[in-house]
Amino acid sequence: MSGQTVPADFSGHMLDLDEDEDLEVFSKNTSLADGSSMPNSPSSMVNQYRLEEDEEEQQDTNTKDLFITVDNPESQVTAIETFIMYRVLTKTTRSEFDSSEYEVHRRYQDFLWLRSRLEENHPTLIVHPLPEKFVMKGMVERFNEDFIETRRKALHRFLNKISEHPILSFSQHFNVFLTAQELTSHKKQGPGFLSRMGETVRSVANSVRGLKSRPEEFTFMQEYVEDFSSKICSVDKVTQRIIKEQREYLDELKQYGPVYAQWAGSEGDLGEPLKAVAGCVERCSKETEENNQHLSEVLAPALHEYILCAETLKLQEEVDGLSDRMEMANDALKGDWSHWKKSMRSDLRSAFISTAEKNVDYYEKCLAVWESFLLSQRVEPIEQRDGEDVS
């Protein structure tokens, strides 16, 4: 690949664990090089990013015409199985919908049906992934609250990713999923013309896989995906290790505080400071637990989601070596590739900013806890010194 120039549409820095300059994809220039000053504090820096994010989100909201919410998960028990049913609320101003609001109930298998139909009808587009059947690491009970809430969020994001897609959001199957009270009759229907055409596209694509005459830009796509997949998997692995180590640290903290409290009971003058230390450790334990929960519920799911995305993208090879009559399919994927990259960078940037914000908040609160302890220990000596000066 040496000597080749990467087209502008497919270039862009990748997240790298070893090269700081690659992080510029998800960061802003703080202008340290030219001597200009940074924001007054970490909090004000976070607020600057949040303000920019809110402005971008407001612009997106102003142009949206389809709003979807997945909520209210409820366990359903039958003679054969137990499963979770989710409520899907839709509000829209689109003319192809008969009403402006809908409320339906869907289970995980219904989401699988929707995604498979979208893939069948649009084989050259990138369909956002669903969470795996069992997604939470270390979870034995698939119906516990953490698992259900994690899946609900993932299903909510899946539908909203589809709703933001310029082509997939107008799919008839998507319309049916959002509006039909029951899907049984629709699931029994055989593949339509578009589905059969999609299968033909896949068949043709499979027959020409490996051709060296494939369009050059798809080679860059594949290389980007391979690189992206490798790096985000590494980041995810380290993140999972940090979460595990923080949980172990939290367990130690929860044992650490009570020791000081017990010790205080056997001391005289030292009793109050020991109780204060125990209180500080307890407060820091709560902050540590909240910070680790944020990592588990915000950063880790975002990384895992795009690991699944990378796996999906690896399956897009089928458009690599298509002949001239497949040029429109190539163009569709190229357009979708740009849409996906923009969405990916926005999602990961938001997750990183949120994590940074939580870290700043965590360390500032812990700092305040220990500073208050120091101040409490200085009060009495200062009063004594003032009294001596007066006499």
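Quantities reported herein were computed from a predicted structural model and do not represent experimental measurements.
If you check the side chains of E305 and H128, you find a donor sitting under 3.5 Å from an acceptor. A donor-acceptor pair shorter than 3.5 Å cannot be found between the side chains of Y249 and T288. Inspection of the T69 and R87 side chains reveals no N or O donor paired with an N or O acceptor under 3.5 Å.
Looking only at distances, no side-chain donor or acceptor of S171 sits under 3.5 Å from a matching main-chain atom of I167. Side-chain atoms of S266 come within 3.5 Å of backbone N or O of W263 as a donor-acceptor pair. Between the side chain of H294 and the main chain of K358, no donor-acceptor pair closer than 3.5 Å is present. At distances below 3.5 Å, at least one donor-acceptor pair connects side-chain atoms of S296 with backbone N or O atoms of N292. At distances below 3.5 Å, at least one donor-acceptor pair connects side-chain atoms of T239 with backbone N or O atoms of V235. At distances below 3.5 Å, not a single donor-acceptor pair connects side-chain atoms of D110 with backbone N or O atoms of R106. Between the side chain of S354 and the backbone N or O of A351 there is no donor-acceptor pair closer than 3.5 Å.
Cluster annotation: L274 is connected to F373 through the hydrophobic network of ILVMFWY side chains, with a link wherever side-chain heavy atoms come within less than 4.5 Å. When hydrophobic clusters are built by joining Ile, Leu, Val, Met, Phe, Trp and Tyr residues whose side-chain heavy atoms come closer than 4.5 Å, directly or via intermediates, V369 is not grouped with Y260. Grouping the Ile, Leu, Val, Met, Phe, Trp and Tyr side chains by contacts below 4.5 angstrom, directly or via other members, places V104 with F158. Hydrophobic clustering, with ILVMFWY side chains joined whenever heavy atoms are under 4.5 angstrom apart, groups I307 together with I242. Cluster membership for L367 and V360, using ILVMFWY side-chain heavy atoms within less than 4.5 angstrom, is not shared.
Atom OG1 of residue T92 and atom CG of residue D98 lie 11.5 Å apart, to the nearest 0.5 angstrom. The line from CD of Q255 to CG of L250 is 10.5 Å long, rounded to the nearest 0.5 Å. Within the model, atoms CG of L89 and CG of L178 stand 10.5 Å from one another, a figure rounded to the nearest 0.5 Å. Distance CD/E267 to CD/Q262: 13.5 Å, rounded to 0.5 Å. One distance of note links NZ of K187 with OG of S116; it measures 9.0 Å at 0.5 Å rounding.
Residues I84 and S75 share a closest heavy-atom pair of CD1-CA, 3.8 Å. Closest heavy-atom contact between A302 and L348: O-CD2, 4.1 Å. Nearest heavy atom pair, residue L168 against residue I126, reads CD1-O, 4.0 Å. S163 and R94 make their closest contact through O-NH2, 3.8 Å (heavy atoms, listed as atom of the first residue, atom of the second, distance). A pairwise comparison of heavy atoms in P131 and L308 identifies CA-CD1, 4.3 Å as the closest pair. Between G271 and A264 the shortest heavy-atom distance is O-CB, 3.4 Å.
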side-chain contact (heavy atoms from CB on, under 4.5 Å) between I162 and I68, worked out: CA-CA 10 Å; I162 302 303; I68 304 171; over 6 Å; no
If you apply the rule side-chain contact (heavy atoms from CB on, under 4.5 Å), what do you find for D236 with Y306, and how did you get there? CA-CA 10 Å; D236 177 65; Y306 277 96; over 6 Å; no
Decide side-chain contact (heavy atoms from CB on, under 4.5 Å) for E245 and R241; before the verdict, give the C-alpha distance in whole Å, the side-chain angles of both, and the deciding distance to 0.1 Å. CA-CA 6 Å; E245 291 174 354; R241 189 163 67 241; 3.6 Å; yes
Step by step, would you call H339 with L125 a side-chain contact (heavy atoms from CB on, under 4.5 Å)? CA-CA 10 Å; H339 173 82; L125 299 182; over 6 Å; no
Working note: R247 + D251, criterion salt bridge (charged side-chain N to carboxylate O under 4.0 Å, His left out); need CA distance, chi angles, decisive distance, verdict. CA-CA 6 Å; R247 283 175 181 157; D251 290 339; over 6 Å; no
Apply the test ring pair (Phe, Tyr, Trp, His ring centres under 6.0 Å) to residues W340 and F228: give CA-CA distance (whole Å), side-chain angles for both, the deciding distance (0.1 Å), then the verdict. CA-CA 13 Å; W340 179 84; F228 175 83; 5.6 Å; yes
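Ion pairing of E81 with R107 is present here, as a side-chain N (NZ or NE/NH1/NH2) and a carboxylate O approach within less than 4.0 Å. Contact check on K286 versus E290 returns no salt bridge, with no Lys/Arg side-chain nitrogen under 4.0 Å from an Asp/Glu carboxylate oxygen. Ion pairing between K231 and D227 holds under the 4.0 Å rule for side-chain N and carboxylate O. Between E119 and R115 there is a salt bridge, since a side-chain N of the basic residue sits under 4.0 Å from a carboxylate O of the acidic one.
Between Y108 and Y86, the distance from one ring center to the other does not fall under 6.0 angstrom.
Side-chain atoms of K341 and Y224, non-hydrogen and from C-beta on, do get closer than 4.5 Å to each other. Within the 4.5 Å cutoff, the side chain of V88 has no heavy atoms near those of the E103 side chain. Side-chain contact check for E164 versus K161: some heavy-atom pair is nearer than 4.5 Å. A 4.5 Å side-chain heavy-atom check between W113 and H173 finds at least one atom pair inside the cut-off. You'll find the side chain of N291 stays beyond 4.5 Å of the side chain of E287, heavy atoms only. Considering only heavy atoms from C-beta on, F352 comes within 4.5 Å of L299 through its side chain. When side chains are defined from C-beta on, H165 counts as touching D336, because their heavy atoms get closer than 4.5 Å. Counting heavy atoms from C-beta outward, E120 and P123 have side chains that stay 4.5 Å or more apart.
Classification of the F111-F177 ring pair by plane angle, with boundaries at 30° and 60°, yields perpendicular.
F174 does not carry R117 over the face of its six-membered ring by the limits of under 6.0 Å from the centre and within 45° of the normal.
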